[in-house]
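Since the structure comes first, as structure tokens, the remarks are kept for the end.
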Amino acid sequence: MIKGIKGVKDLLPEETPRWRLIEEKARFWASTFGFHEIRVPIFEVTTLFARSIGASTDIVEKEMYTFQDRDGTSLTLRPEGTAGTVRAYIEHNRAADPLPQKYCYLGPMFRHERPQAGRLRQFHQFGVESFGMADPRADVETIALLWQLLSDLRLPALTLEINNLGYTSDREAYRPVLVAYLRQQESQLCANCVRRIETNPLRVLDCKVPACRAATDAAPTLAGSMAEPATTYFSKVLEGLQAIGIPYQLNHRLVRGLDYYCLTTFEVTTTSLGAQNAVGAGGRYDGLVETLDGPKTPAVGFAVGIERISMMLPESLTPPSVGDKTVYVAAFGERAALQGLKILQDLRLAGVRAVTDFRSATLKAHLRQADRFTCRYTLILGDDELNKGSAILRNMQTKDQVDLPLSTLVASLLPQVLTS
RNA sequence: GUGGGUGUAGCUCAGUUGGUUAGAGCGCUGGAUUGUGGAUCCGGAGGUCGCGGGUUCGAAACCCGUCACUCACCCCA
């Protein structure tokens with residue numbers, strides 16, 4: 001038996017309605033906040049991701065699905081959505097159009113990791129990118145959309161954590177201070193963090209190992225060595241969040257795994273998801289467009305994981321089954337069977353959801369199927385009815401039955417079904 | 001990449017210190033009821049016990065290997 005690939009899941013019909021609900025809400029709120037959908041390819045040249053995400057990040061170092069095209073070009077299945085969106089923005093010279101421009105996207109992403117609860121090799125993200133506004137209120141607007149979407153979906157136990165990464169110059173000023181401190185604590189740190197002192201000292205602050213936590217509790221903070229413009233900017237972001245009533249929690253350890261973030265960075269976590277507790281995350285990335293050879297363009301965005309949202313979605317929000325507006329056509333007997341096929345077609349073309357089972361040859365078998373499909377109505381048509389020129393409409397809940405003339409069948413049936 | 005747990009019917013799971021032909025519930029299917037569903041009763045189908053090797057008179061069970069799934073580390077959505 002050929003099986004699916006590790007970490008790649010089928011979405012069976014039982015699950016697609018809840019996904020569609022999430023997608024519809026995402027598109028609705030994005031549109032309401034002024035974002036427009038963009039669809040970009042799921043694979044790009046490898047260098048796009050290497051340059052944008054950062055060559056020394058885990059994603060680029062060991063998690064990308066990279067392969068050679070027939071001409072030898074190195075291609076990569078996208079591990080996230082921002083790089084492709086920015087590439088499209090630059091390639092189509094959107095910067096020449098009036099700013100700001102706000103985009104959203106929805107689709108599969110690929111990372112070669114060991115699967116676990118809430119983590120897959122093909123997973124799906126909904127994300128937004130807001131280009132052109134170097135204004136704290138643009139950060140607030142983006143966070144507001146994220147928060148509204150998750151709130152509207154009634155996800156439980158959410159926390160918005162937020163941090164200020166400052167400008168590049170702030171991090172450059174902070175780095176030697178932090179490294180000096182970490183060197184003193186080196187014996188307390190885990191092997192991973194000892195290595196990170198060189199490669200990415202900021203990430204040590206985000207380590208989950210308790211010993212590392214304790215060792216860095218008293219570490220000098222980035223905020224401590226941050227210059228004026230960045231602190232003012234961040235306080236305005238917080239001010240904006242307060243103004244529109246979005247609760248947040250400062251987390252100075254919050255360091256995102258992608259190199260392109262600056263200033264505001266945020267993450268929405270939950271306690272109801274197991275170890276993978278991030279539902280969505282994002283931040284500001286003012287340098288990225290320029291890094292990818294576009295014009296200097298400030299930008300901010302976020303992405304949420306659809307699988308993780310789906311796992312948290314309360315049962316009460318999942319759409320009810322569609323059976324109650326469905327008519328089951330129970331046609332049986334030599335001549336009625338063919339007439340039933342025609343009625344089925346007429347109903348469908350008139351916009352009525354109609355089903356049947358062509359294998360069923362008896363009324364009993366038909367009714368059993370109607371019941372299984374949880375249809376509210378069954379249209380009974382045997383040779384007896386055909387001779388009388390009528391059909392029986394049976395309400396499956398009340399067992400009420402009425403005769404309907406075949407000549408005006410669809411018209412007389414429509415109001416009953418649609419108002420039920 | 002590292003570690004733990006679990007692999008028995010479509011699904012959820014029993015299966016005694018190793019002992020005859022591997023079980024249950026649900027689901028599926030047929031009948032009781034040849035023109036009226038759900039409930040009930042009766043019957044039926046469905047298994048390479050993940051796979052390969054080993055120990056043994058005898059293995060679903062014990063040992064080794066392997067694969068898959070899963071949770072966690074790492075990292076992230």
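So that the names make sense, note that chain A is the first sequence line, chain B the second, and so on, each numbered from 1.
Taking the P atoms as reference points, B:G3 lies 32 Å from B:A59, given to the whole Å. B:G35 and B:C28 have their P atoms separated by 24 Å, with the value rounded to a whole Å. Rounded to whole Å, the P atom of B:C26 lies 23 Å from the corresponding atom of B:A22. On the C1' atoms, B:A14 is 13 Å away from B:C49, given to the nearest whole Å. Here, B:G38 and B:A32 have their P atoms 13 Å apart, quoted to the whole Å. On the P atoms, B:U34 is 44 Å away from B:G50, given to the nearest whole Å. Going from the P atom of B:A60 to that of B:C13 covers 22 Å, rounded to whole Å. B:U21 sits 15 Å from B:G58 when the C1' atoms are compared, rounded to a whole Å.
For A:N277, counting side-chain heavy atoms from C-beta on, the closest listed nucleotide (B:A68, B:U29, B:C76) is B:C76. Each of B:C69, B:G35, B:A77 was ranked by its minimum atom distance to the side chain of A:K6; first place goes to B:C69. You'll find that the side chain of A:R114 is closest to B:G3, out of B:U36, B:A77, B:G3. For A:A117, taking side-chain heavy atoms from C-beta onward, the closest of the listed nucleotides B:C71, B:C28, B:G35 is B:C71. When distances run from any side-chain atom of A:R111 to the nucleotides B:G37, B:A68, B:C76, the shortest one goes to B:C76. Listed candidates were B:A77, B:G35, B:A68. Nearest to the side chain of A:F332 is B:G35. Comparing atom distances between the A:I380 side chain and each of B:G30, B:G35, B:C76 picks out B:G35 as nearest. For A:R119, taking side-chain heavy atoms from C-beta onward, the closest of the listed nucleotides B:C74, B:G37, B:G35 is B:C74.
Counting any heavy atom pair closer than 4.0 Å across all strands shown, A:R308 reaches a base atom. Counting non-hydrogen atoms under 4.0 angstrom, A:G333 reaches nothing in the nucleic acid. Using a 4.0 Å heavy-atom cutoff across all strands shown, A:K3 reaches sugar-phosphate atoms only and no base atom. Residue-level contact check: A:M396 touches the bases, meaning some heavy atom is under 4.0 Å from a base atom.
In summary, of the residues considered (A:E129, A:E37, A:H36, A:R94), a side chain to side chain donor-acceptor pair (under 3.5 Å) with A:Y103 occurs for A:R94 alone.
Judged by distance alone with a 3.5 Å cut-off, no donor-acceptor contact links the side chain of A:E63 to the base of B:G1.
For B:G38, neither phosphate oxygen OP1 nor OP2 lies less than 4.0 angstrom from any side-chain nitrogen or oxygen of A:R394. Checking the phosphate oxygens (OP1, OP2) of B:A77, no side-chain nitrogen or oxygen of A:R78 falls inside 4.0 Å. The shortest distance between the side-chain N/O atoms of A:K364 and the OP1/OP2 oxygens of B:U34 is not below 4.0 Å. Using a 4.0 Å cut-off, some side-chain N or O of A:Q116 falls inside it from OP1 or OP2 of B:A72.
Proximity of A:L158 to A:M312: side-chain heavy atoms (C-beta onward) are separated by under 4.5 Å at one or more points. Counting only heavy atoms from C-beta outward, the side chains of A:Y261 and A:L288 never approach each other to under 4.5 Å.
Using cut-offs of 30° and 60° on the angle between ring planes, the pair A:Y65 and A:F110 is perpendicular.
Salt-bridge check for A:K388 with A:D384: failed, with every basic side-chain N at 4.0 Å or more from each acidic carboxylate O.
When rounded to the nearest whole Å, the span between CZ of A:F302 and C1' of B:A77 equals 12 Å.
In this structure, A:T159 and A:Q249 approach most closely via the heavy-atom pair CG2-OE1, 3.2 Å.
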